[in-house]
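One structure is given below, encoded as structure tokens.
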Amino acid sequence: MQQLYFEDITEGSEIPALVKYPTTMQLVKYAGASGDYYQIHYDKDFAVATGLSGVIVHGWLALSFLGQMVTDWIGEKGTLVKLSGSYRGMNKVHEDVICNGKVTKKYSEAGRNYARLEIWAENPRARKRLPGTL
């Protein structure tokens, strides 16, 4: 992607969406990297036995997808200062996680330029699963 500059940002503008398709293999690799080995993230039989419909995506992995969307948008010279989200539902393995966002505020403070964002991850049925802010 091209480098984004402060002058290019407009309040209300949308961030290019990022669509991820998490697989069981990706979840197992993420479990190894994060240390989160709870079986609901890779063992279908265990997940179903706990009352889920199947394997679910780690919440932190879904949040990292949002972080990727933002860093792809701002480019190599941009800086992601803060990322936060609230887990409101589960994303399923082998189902798109659609990351979206929009600029809610553009401002300068102490000689630095900032943009506040509303971001969220949703499932293919447009149900927000992970709203967040920057």
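Below, each value reflects all heavy atoms present in this structure, side chains not excepted, and no hydrogens, waters or symmetry copies.
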For Trp120 and Glu118, which I'm curious about, is there any donor-acceptor pair between the side chains at under 3.5 Å? no
Say you draw a straight line from NE2 of His41 to OG1 of Thr24; how long is it, rounded to the nearest 0.5 Å? 12.5 Å
Go through the structure and list residues passing side chain to side chain donor-acceptor pair (under 3.5 Å) with Glu95, not counting sequence neighbours. Arg125
Answer whether the closest heavy-atom distance between the side chains of Asp72 and Pro16 falls below 4.5 Å. no
Can you check whether Ala115's main-chain N or O pairs, donor with acceptor, with Asn113's side chain at less than 3.5 Å? no
Separation of Ser53 OG from Lys44 NZ (nearest 0.5 Å): 9.0 Å
Flag the pair Trp73 / Ile9 as yes when at least one side-chain heavy-atom distance between them is below 4.5 Å, and no otherwise. yes
Is the side chain of Glu11 donor-acceptor paired with the backbone N or O of Lys106 at a distance under 3.5 Å, no angle test? yes
Here the pair of heavy atoms bringing Val97 nearest to Ala121 is CG1-CB, 3.9 Å
Side-chain donor-acceptor pair present, Lys20, Gln26, cut-off under 3.5 Å: no
Excluding sequence neighbours, so at least two apart, what forms ring pair (Phe, Tyr, Trp, His ring centres under 6.0 Å) with Tyr30? His58
Given 3.5 Å as the limit, does a donor-acceptor pair link the side chain of Glu14 with the main chain of Asn100, or not? no
All heavy atoms of Met90 vs all of Leu52, minimum pair found to be SD-CD2, 3.4 Å
Step by step, would you call Arg127 with Glu122 a side chain to side chain contact (heavy atoms under 4.5 Å, CB included)? CA-CA 5 Å; Arg127 292 193 178 123; Glu122 58 188 43; 5.8 Å; no
For Pro131, is there any backbone N or O sitting under 3.5 Å from a side-chain donor or acceptor partner on Ser86? no
Shortest non-hydrogen contact between Gly54 and Ala47, atoms and distance: O-CB, 3.4 Å
Which ILVMFWY residues are connected to Val28, directly or by a chain of links, through side-chain heavy atoms under 4.5 Å apart? Tyr42
Roughly how far, to the nearest 0.5 Å, is the CG atom of Asp8 from the CD1 atom of Ile74? 13.0 Å
Can you hop from Ile40 to Leu27 via hydrophobic side chains spaced under 4.5 Å? no
Applying side chain to side chain contact (heavy atoms under 4.5 Å, CB included), run through Val103 and Arg116 and close with a yes or a no. CA-CA 6 Å; Val103 178; Arg116 291 216 185 268; over 6 Å; no
Note, Leu83 side chain near Ile119 side chain (heavy atom, < 4.5 Å): yes
Indicate the atoms forming the closest heavy-atom contact of Tyr114 with Phe6, along with that distance. O-CE1, 3.3 Å
Please report the closest heavy-atom contact between Cys99 and Leu66, naming both atoms and the distance. CB-CD2, 3.7 Å
Which class fits the ring pair Trp60 and Tyr87: parallel under 30°, tilted 30 to 60°, perpendicular over 60°? perpendicular
Close side-chain approach of Leu117 to Lys102, heavy-atom, < 4.5 Å: no
Starting from Phe65, can I reach Ile56 by hopping between I/L/V/M/F/W/Y residues whose side chains sit under 4.5 Å apart? no
Check for me, please, whether Leu80 and Leu18 land in the same ILVMFWY cluster - side-chain distances under 4.5 Å, paths through other members count. yes
Is the closest side-chain heavy-atom distance between Tyr21 and His94 below 4.5 Å? yes
